[in-house]
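Okay, so here's the structure we're looking at.
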Amino acid sequence: MLDRTLTVRVARKRRLTDEVTAFELVHPWGRTLPAYEAGAHIDVWLPGGFMRPYSLARAADLSAHADGAAGCARYVIGVKREPASRGGSASLHERVHEGDLLAIGTPRNTFPLHAEAHHHLLLAGGIGLTPLLAMAEQLDRGGRPFTLCVFARSRAHLPFADALAALGSSVRLHLDEPAGGQGGPPAQHLDIAALLRQPAPGTHLYLCGPAGFMRAVLDAAAHWAEAQVHLEYFAPPTEAASAGASADEPFTLVVPGRGIEVPVAADQSAVDALHDLGIDVPTSCAQGVCGTCVVPLAQGADGEPEHRDHCLTATERRSKVALCCSRARNGGRLAVEIP
Ligand code: FES
């Protein structure tokens with residue numbers, strides 16, 4: 001359960017679009033950084049006291065350490081400046097510069113590629129491209145079949161355009177606006193419903209993007225097998241967050257493996273209550289979207305979870321729970337395993 005924190009240097013800050021800036025992070029003394037698989041994210045501690053998770057946007061360029069272990073030369077994150085920023089994206093855009101040192105967490109992957117897939121269909125909306133670009137590059141290097149569909153307002157809003165061009169015909173673009181305004185080349189549209197109408201056997205679908213995009217894709221993929229659909233939200237979908245959740249009540253968190261019962265107050269999360277006892281569960285988003293705080297449910301114990309996450313499938317919810325947001329139903333008991 002231990003996470004490592006690293007210090008990295010901002011080697012390059014590059015504006016990709018009017019809204020999106022890429023930050024290239026390297027080891028301060030030129031060593032390699034821990035390797036990662038596509039779909040991974042890092043937590044970044046920012047000026048102003050913020051911590052935010054960001055997906056690693058490119059496939060790892062691996063090389064061997066002196067001890068033989070694989071490492072990589074850089075991490076790249078692509079950050080969209082959000083008009084309604086809670087401080088994270090504004091802090092990165094305005095207060096972080098080339099040469100600055102940042103503290104980051106080591107990469108964690110809660111949105112991995114599934115090796116059993118025969119074909120990977122990657123659907124990216126806006127800055128949701130970042131984890132899917134890393135996946136596309138990793139699949140491309142491995143010679144594995146994939147299609148990356150990128151939905152953006154226009155070419156001018158397309159981040160990592162050079163990396164997308166390098167992936168050739170495996171990339172399909174949906175652009176809402178014609179290039180160069182009226183009179184320019186026409187807009188390009190992809191029909192999501194048509195794209196997802198007939199899931200081919202062995203095809204896995206991955207999606208990441210803003211809430212409206214996610215809703216549209218999930219509606220169109222409602223007939224797909226749950227095990228073949230994988231997604232990552234930026235933030236909890238607002239309508240889902242408010243639906244079905246009861247007012248918070250105190251409850252009892254039971255950890256049979258440690259022989260403890262932990263009272264969780266109405267204004268506390270299970271993670272906070274455990275932290276007060278000196279038991280740290282790793283967290284990142286603290287909003288139920290990233291999956292970092294997910295632990296197994298204790299089998300055979302009493303109690304029923306009220307799941308409030310947006311990262312577990314219905315099948316996964318039978319055996320796991322996200323402790324940053326979920327609670328025991330009706331103020332009862334919730335039994336989990338914590339290594
Ligand atoms: S910390 Fe992200 S789901 Fe709990």
Side-chain angles (χ1 to χ4, degrees), residues 1-5 36-37 39-46 49-56 77 79 82 86-89 103-112 127-128 130-131 206-211 214 218 226 229-245 248 251 253 255 262 264-277 279-298 305-329 334-339:
M1 310 247 336
L2 275 182
D3 285 305
R4 280 176 57 212
T5 304
Y36 63 92
E37 291 288 325
H41 71 271
I42 53 171
D43 293 334
V44 182
W45 279 265
L46 302 167
F50 303 100
M51 187 279 283
R52 294 286 183 268
Y54 292 103
S55 294
L56 293 169
I77 56 174
V79 181
E82 297 290 351
R86 292 180 294 146
S89 67
I104 65 168
T106 46
R108 280 193 296 237
N109 199 348
T110 53
F111 187 38
I127 195 61
T130 51
Y206 306 76
L207 59 148
C208 185
M214 300 289 275
L218 288 174
E226 179 191 275
V229 179
H230 318 286
L231 54 89
E232 186 166 76
Y233 282 99
F234 304 148
T238 45
E239 77 285 1
S242 56
D248 291 348
F251 68 96
L253 184 73
V255 190
V262 184
V264 183
D267 61 352
Q268 261 188 324
S269 70
V271 165
D272 292 336
L274 287 166
H275 179 78
D276 287 351
L277 290 183
I279 301 172
D280 275 328
V281 174
T283 58
S284 183
C285 70
Q287 293 183 296
V289 298
C290 74
T292 302
C293 67
V294 169
V295 298
L297 289 166
E306 180 182 291
H307 291 284
R308 296 187 181 183
D309 68 274
H310 309 285
C311 55
L312 295 174
T313 65
T315 303
E316 288 171 332
R317 283 179 167 192
R318 287 189 211 125
S319 60
K320 300 176 185 176
V321 65
L323 286 186
C324 70
C325 54
S326 297
R327 309 182 72 82
R329 190 168 295 284
L334 175 62
V336 299
E337 292 174 15
I338 297 181

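One-based numbering, in listed order, for ligands and for the atoms of each. Nothing here was measured: the structure is a model prediction, and the numbers come from that model.
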Legend entry - Backbone of D43 reached by a side-chain donor or acceptor of R108 within 3.5 Å: no
Inset, instruction - Report the nearest protein non-hydrogen atom to atom 4 (Fe) of ligand 1: residue, atom name, distance rounded to 0.1 Å. - result: C293 SG, 2.3 Å
Inset, instruction - Could you walk me through whether Y36 and I42 pass side chain to side chain contact (heavy atoms under 4.5 Å, CB included), step by step? - result: CA-CA 10 Å; Y36 63 92; I42 53 171; over 6 Å; no
Legend entry - Element-labelled atoms of ligand 1 that are located less than 4.0 Å from some non-hydrogen atom of C324: 1 (S), 3 (S), 4 (Fe)
Inset, instruction - Would you please determine whether V289 falls within less than 4.0 Å of ligand 1 on a heavy-atom basis? - result: yes
Inset, instruction - Please report the closest heavy-atom contact between P53 and S284, naming both atoms and the distance. - result: CB-OG, 3.2 Å
Inset, instruction - Fit a plane to each ring of H230 and Y206, take the angle between them on a 0 to 90° scale, and name the class: parallel (under 30°), tilted (30 to 60°) or perpendicular (over 60°). - result: tilted
Legend entry - S284 contact mode with ligand 1 (heavy-atom cut-off under 4.0 Å): backbone
Legend entry - Contact check: C285 to atom 2 (Fe) of ligand 1, N/O/S below 2.8 Å: yes
Legend entry - Option passing side chain to side chain contact (heavy atoms under 4.5 Å, CB included) with H41 (candidates I77, T110, T130): T110
Legend entry - Pairing of D248 and R308 as salt bridge, 4.0 angstrom limit: yes
Legend entry - Per-atom contacts, ligand 1 versus G288 - under 4.0 Å to a heavy atom: 3 (S)
Legend entry - Smallest separation among heavy atoms of L46 and R52, with atom names: CD1-CG, 4.0 Å
Legend entry - For ligand 1, the portion of L323 having any non-hydrogen atom under 4.0 Å away: neither
Inset, instruction - Have a look at ligand 1 and work out which part of A286, if any, has a heavy atom under 4.0 Å from it: side chain, backbone, both or neither. - result: backbone
Legend entry - Heavy atom of the protein closest to atom 3 (S) of ligand 1 (residue, atom name, distance): G291 N, 3.2 Å
Legend entry - atom 2 (Fe) of ligand 1 to nearest N/O/S of C290 below 2.8 Å: yes
